[in-house]
Amino acid sequence: MAEIEVRAAHNVLEACAQTDTIEKVVFTSSVTAVIWNDNLRTTSSHLDERSWSDVNTCKKFKLWHGLSKTLAEKTAWALAMDRGINMVSINGGLLMSPDLTVRNPYLKGSAEMYGDGVFVTVNLSFMVDAHICIFEEISAFGRYLCFDHIINSHHHAIHLINMLLPPSDSQPPQNQSLEETEVYQQRISCKKLNELMLHFRTSTHL
């Protein structure tokens with residue numbers, strides 16, 4: 001998976017570098033290229049677009065989605081900087097598409113994401129709006145985390161499980177424990193994108 005994504009990222013950016021008419025490249029990456037590191041469960045710091053997943057951690061715990069997205073995005077950034085390409089990346093959460101299933105590779109490590117307050121999702125319409133905004137907004141730069149919902153409570157987790165599994169496999173237990181009422185602190189921010197989209201929506205309605 002990683003080799004294919006890295007090769008694809010390299011080929012696309014190389015093609016863009018050889019095309020004079022391309023003004024900006026919007027590279028679609030993933031939040032899994034941001035969240036995986038050895039200190040996730042021991043630090044109180046929040047994650048944002050400056051954070052990167054640790055490649056060795058991804059290999060150690062077989063987080064192949066995170067590994068491939070991290071290596072592919074780093075390859076794209078290296079080539080963009082080397083060839084002078086104006087590139088911006090969007091690191092999206094779990095895409096809530098109609099064909100989403102429990103086999104989605106993004107969900108590997110979902111229990112850890114949930115407990116660490118970094119299990120984020122994004123609706124397709126919001127993801128599309130973010131791509132349009134970042135493409136058209138001249139001031140857009142660097143990386144942008146993109147999500148509009150966080151799974152950090154038992155209620156949200158059960159709702160997602162009901163979406164992913166057949167009804168017979170997704171029924172929650174009747175008695176709620178104290179742990180099931182706990183809400184985990186959100187430790188990831190997409191403030192940079194929200195501010196850009198607010199400015200973009202304001203300017204387009206003037």
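The chain is numbered in sequence order, starting from 1.
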Visitor: Is Val26 reachable from Val12 through a run of I, L, V, M, F, W or Y residues, each pair having side-chain heavy atoms under 4.5 Å apart?
Guide: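 Different clusters.
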
Visitor: Report the residues that fulfil side chain to side chain contact (heavy atoms under 4.5 Å, CB included) with Leu164, sequence neighbours left out, ordered by chain and then residue number.
Guide: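 So Leu164 forms a side chain to side chain contact (heavy atoms under 4.5 Å, CB included) with Leu100, Val102, Leu107, Leu160.
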
Visitor: Tell me every residue that passes ring pair (Phe, Tyr, Trp, His ring centres under 6.0 Å) with His131, counting only those two or more places apart in sequence or in another chain.
Guide: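 Result, ring pair (Phe, Tyr, Trp, His ring centres under 6.0 Å) vs His131: none returned.
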
Visitor: Is it the case that the side chain of Arg143 and the backbone of Ser29 share a donor-acceptor pair, with hydrogens and angles ignored and the cut-off at 3.5 Å?
Guide: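 Answer holds: no.
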
Visitor: Should Tyr144 and Ser89 count as side-chain neighbours, where that means a heavy-atom distance under 4.5 Å?
Guide: no

Visitor: Can you give me the closest heavy-atom contact between Thr75 and His10, atom names plus distance?
Guide: CG2-CB, 4.1 Å

Visitor: Which atoms form the tightest heavy-atom contact between Tyr114 and His154, and what is the distance?
Guide: OH-N, 3.2 Å

Visitor: Taking only residues two or more places apart in sequence, or in another chain, which ones meet Gln18 in a side chain to side chain contact (heavy atoms under 4.5 Å, CB included)?
Guide: Glu14, Arg83

Visitor: State the CD-CD distance between Glu73 and Glu5, to the nearest 0.5 angstrom.
Guide: 11.0 Å

Visitor: State, with a plain yes or no, whether a side-chain heavy atom of His149 is found less than 4.5 Å away from one of Phe119.
Guide: no

Visitor: How far does CG of Leu47 sit from SG of Cys190, to the nearest 0.5 angstrom?
Guide: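 That separation rounds to 12.5 Å.
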
Visitor: Is there a side-chain contact between Glu137 and Leu196 in this structure, where contact means two heavy atoms from C-beta onward sitting under 4.5 Å apart?
Guide: yes

Visitor: Which distance, rounded to the nearest 0.5 Å, do you find between the CD1 of Ile151 and the CD of Gln186?
Guide: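 Here the rounded value is 11.0 Å.
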
Visitor: Are Leu13 and Ile90 in one and the same hydrophobic cluster, where Ile, Leu, Val, Met, Phe, Trp and Tyr link if side-chain heavy atoms are under 4.5 Å apart?
Guide: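 No, separate clusters.
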
Visitor: Do you know which two heavy atoms are closest between Trp36 and Gly109, and how far apart they sit?
Guide: CH2-O, 3.4 Å

Visitor: Kindly write out the residues that satisfy side chain to side chain contact (heavy atoms under 4.5 Å, CB included) with Lys74, not counting sequence neighbours, or none if the list is empty.
Guide: Trp52, Thr70

Visitor: Not counting sequence neighbours, list each pair that qualifies as a ring pair (Phe, Tyr, Trp, His ring centres under 6.0 Å) and has a residue in residues 65-99.
Guide: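 Sorted result for residues 65-99: His65-Tyr106.
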
Visitor: According to a 4.5 Å side-chain heavy-atom criterion applied to Ile, Leu, Val, Met, Phe, Trp and Tyr, with indirect links allowed, do Val25 and Ile132 form part of one hydrophobic cluster?
Guide: no

Visitor: Strictly by salt bridge (charged side-chain N to carboxylate O under 4.0 Å, His left out), give each pair with a member in residues 53-62 just once, sequence neighbours left out.
Guide: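 Output for this query is empty, none listed.
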
Visitor: To the nearest 0.5 Å, how far apart are OG1 in Thr28 and CE in Met127?
Guide: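 Going from the OG1 atom of Thr28 to the CE atom of Met127 covers 6.0 Å.
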
Visitor: Looking only at non-hydrogen atoms, find the nearest pair between Asn91 and Val34 and report the distance.
Guide: ND2-CG2, 3.9 Å

Visitor: Side chains of Val118 and Val31: closer than 4.5 Å at any heavy-atom pair?
Guide: no

